[in-house]
Amino acid sequence: MESAKRVLVCLTKENSLLQCAKFVQGITGQYSANNGDKALIHCGLDRNQFVISDRQFPSSAPVQLQRPSFCPIKNLSPTQAAALPGEIRNRGVDVGVAVLVQSVNKKVLLTRRSKSLNIFPNVWVPPGGHVEPGEQSAFPPLLSQGLPSRHHIVTYLLVQSNQTHQQLQERLCPDEREVSACVWLDTEIAKCIVAAEDDAKDSGKPQGPAPATIRVSELINGSLSQSDRSMATFLSTAPKEGEAVERISTGTKYALSLWLETLPKAPSREHE
């Protein structure tokens with residue numbers, strides 16, 4: 001199997017020369033007004049480079065780029081940036097890919113990253129690798145957990161299957177070195193997860209009606225077995241201090257919100 005190729009982010013603005021993005025560069029802020037957290041951009045692949053521009057160019061697509069308010073790259077001070085090791089400071093910004101697999105009965109697949117992974121361990125994300133674009137991501141996700149060692153632009157792809165989630169589940173062969181569990185979410189649960197904001201004080205509490213537990217498939221000794229996990233786990237948010245907790249990543253919540261927007265709206269009922 002051919003090894004994955006590294007794809008770097010390159011930037012141009014107001015027809016400037018194309019340049020590789022710097023690791024400490026807040027890309028969303030550069031293209032938004034007043035260093036905001038959302039920006040409408042044009043992006044596309046060009047000769048193994050992921051190009052981001054404020055203007056349309058051949059083969060580009062218009063998309064919204066978004067980052068959380070607590071993004072460590074956004075909040076990195078000049079002193080903290082200077083303290084980064086040279087190999088980190090000079091590594092540029094990578095591109096990551098996450099795939100939302102939608103079953104014919106309108107459920108999407110998430111996987112829980114293994115606890116042994118160095119980046120985002122024990123966090124629920126769509127299946128993915130190293131690319132609709134969207135999230136600016138850094139690890140650790142907050143400066144209170146340490147200086148950033150990774151900086152990605154994550155692109156989200158929606159794959160719509162003509163099979164049910166049960167049929168797709170039978171074909172799953174997760175790698176235990178990378179994945180420890182998987183779950184299929186329906187639209188109502190996805191809405192509850194999206195509503196749980198990452199800077200909210202009531203982390204783990206539903207904003208509306210929600211089931212107490214969710215059925216997941218745990219990967220144990222190479223086999224998947226079903227168990228129930230507390231809904232609070234899926235509503236947990238990135239802690240501002242202390243150790244990381246099992247949760248759904250901020251970028252995944254953004255991807256789920258985009259997925260919900262693609263689904264047909266239920267017709268409203270009027271009272272006679």
Side-chain angles (χ1 to χ4, degrees), residues 37-38 64-71 96-103 105-115 120-128 132-139 141-142 152 154-161 165 168-169 172 174 179-218 226-240 244-266:
D37 297 327
K38 294 182 181 180
Q64 180 172 274
L65 187 63
Q66 181 169 312
R67 66 182 177 185
S69 60
F70 53 80
C71 172
V97 180
V99 180
L100 278 178
V101 179
Q102 176 187 310
S103 66
N105 55 331
K106 301 296 187 296
K107 294 192 176 188
V108 291
L109 175 67
L110 296 185
T111 58
R112 187 178 65 198
R113 292 171 58 82
S114 171
K115 288 183 178 180
F120 291 107
N122 212 34
V123 171
W124 290 90
V125 297
E132 231 119 296
E135 175 79 1
Q136 183 177 347
S137 174
F139 183 85
L142 296 99
H152 286 76
V154 182
T155 68
Y156 294 100
L157 306 176
L158 176 62
V159 175
Q160 297 172 314
S161 173
H165 74 282
L168 294 170
Q169 176 75 14
L172 293 180
V179 174
S180 60
C182 59
V183 65
W184 291 92
L185 302 179
D186 61 29
T187 57
E188 294 306 311
I189 291 178
K191 290 176 183 177
C192 292
I193 291 170
V194 169
E197 299 180 3
D198 277 293
D199 55 357
K201 296 181 180 180
D202 53 352
S203 173
K205 297 180 181 180
Q207 302 299 307
T213 60
I214 298 179
R215 179 60 56 93
V216 306
S217 296
E218 302 269 1
Q226 292 190 334
S227 65
D228 290 329
R229 299 286 293 173
S230 171
M231 182 66 183
T233 298
F234 294 88
L235 300 179
S236 294
T237 59
K240 294 184 178 180
V245 298
E246 181 180 349
R247 62 184 178 87
I248 290 182
S249 75
T250 306
T252 300
K253 292 180 182 180
Y254 178 50
L256 288 175
S257 69
L258 295 179
W259 171 61
L260 291 171
E261 290 176 3
T262 69
L263 301 176
K265 299 292 190 296

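- The distance from the CG atom of Leu256 to the CG atom of Leu100 is 6.0 Å, given to the nearest 0.5 Å.
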Checking Ser137 against Arg67 for the side-chain contact (heavy atoms from CB on, under 4.5 Å) test, could you report, in this order, the C-alpha distance in whole Å, the side-chain angles of both residues, the deciding distance, and whether it holds? CA-CA 7 Å; Ser137 174; Arg67 66 182 177 185; over 6 Å; no

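- No hydrogens or angles considered: a donor-acceptor pair under 3.5 Å links the side chains of Ser217 and Gln169.
- Side-chain N or O atoms of Tyr156 include one that pairs as donor or acceptor with a backbone N or O of Gly251 at under 3.5 Å.
- Distance CG/Leu168 to NZ/Lys107: 12.0 Å, rounded to 0.5 Å.
- For Glu218 against Ser227, the heavy-atom pair with the smallest separation is CG-OG, 3.2 Å.
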If you apply the rule side-chain contact (heavy atoms from CB on, under 4.5 Å), what do you find for Val183 with Ile214, and how did you get there? CA-CA 8 Å; Val183 65; Ile214 298 179; 3.7 Å; yes

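- Here CD1 of Ile193 is found 11.5 Å from CD of Glu188. Values are rounded to the nearest 0.5 Å.
- The heavy-atom pair separating Leu109 from Cys182 by the smallest distance is CD1-CB, 3.9 Å.
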Trp124 and Lys253: side-chain contact (heavy atoms from CB on, under 4.5 Å), yes or no, with the steps? CA-CA 10 Å; Trp124 290 90; Lys253 292 180 182 180; over 6 Å; no

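- Of the possible donor and acceptor atoms, one in the side chain of Thr111 sits under 3.5 Å from a partner among the backbone N and O of Val125.
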Between Met231 and Ile189, is a side-chain contact (heavy atoms from CB on, under 4.5 Å) present by the stated rule, with each step listed? CA-CA 9 Å; Met231 182 66 183; Ile189 291 178; 4.0 Å; yes

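- Here the CG-OG1 distance, from Leu142 to Thr250, works out to 8.0 Å after rounding to the nearest 0.5 Å.
- Arg113 meets the salt bridge (Lys or Arg N to Asp or Glu O under 4.0 Å) test with no other residue; sequence neighbours excluded.
- The side-chain heavy atoms of Gln102 and Leu263, taken from C-beta on, include a pair separated by under 4.5 Å.
- The shortest distance between side-chain heavy atoms of Phe234 and Cys192 does not fall below 4.5 Å.
- Across every non-hydrogen atom of Tyr254 and Gln66, the tightest pair is CE1-OE1, 3.3 Å.
- Relative orientation of the Trp184 and His165 rings is tilted, given thresholds of 30° and 60° on the angle between their planes.
- Of all non-hydrogen atoms in Val245 and Ser236, the two that sit nearest each other are CG2-CB, 4.5 Å.
- Taking each heavy atom of Thr237 and Ala196 in turn, the nearest pair found is CG2-O, 4.1 Å.
- Here the closest heavy-atom approach between residue Val99 and residue Pro126 is recorded as O-CB, 3.4 Å.
- For the salt bridge (Lys or Arg N to Asp or Glu O under 4.0 Å) test, residues two or more places apart in sequence or in another chain that qualify with Asp228 are Arg215.
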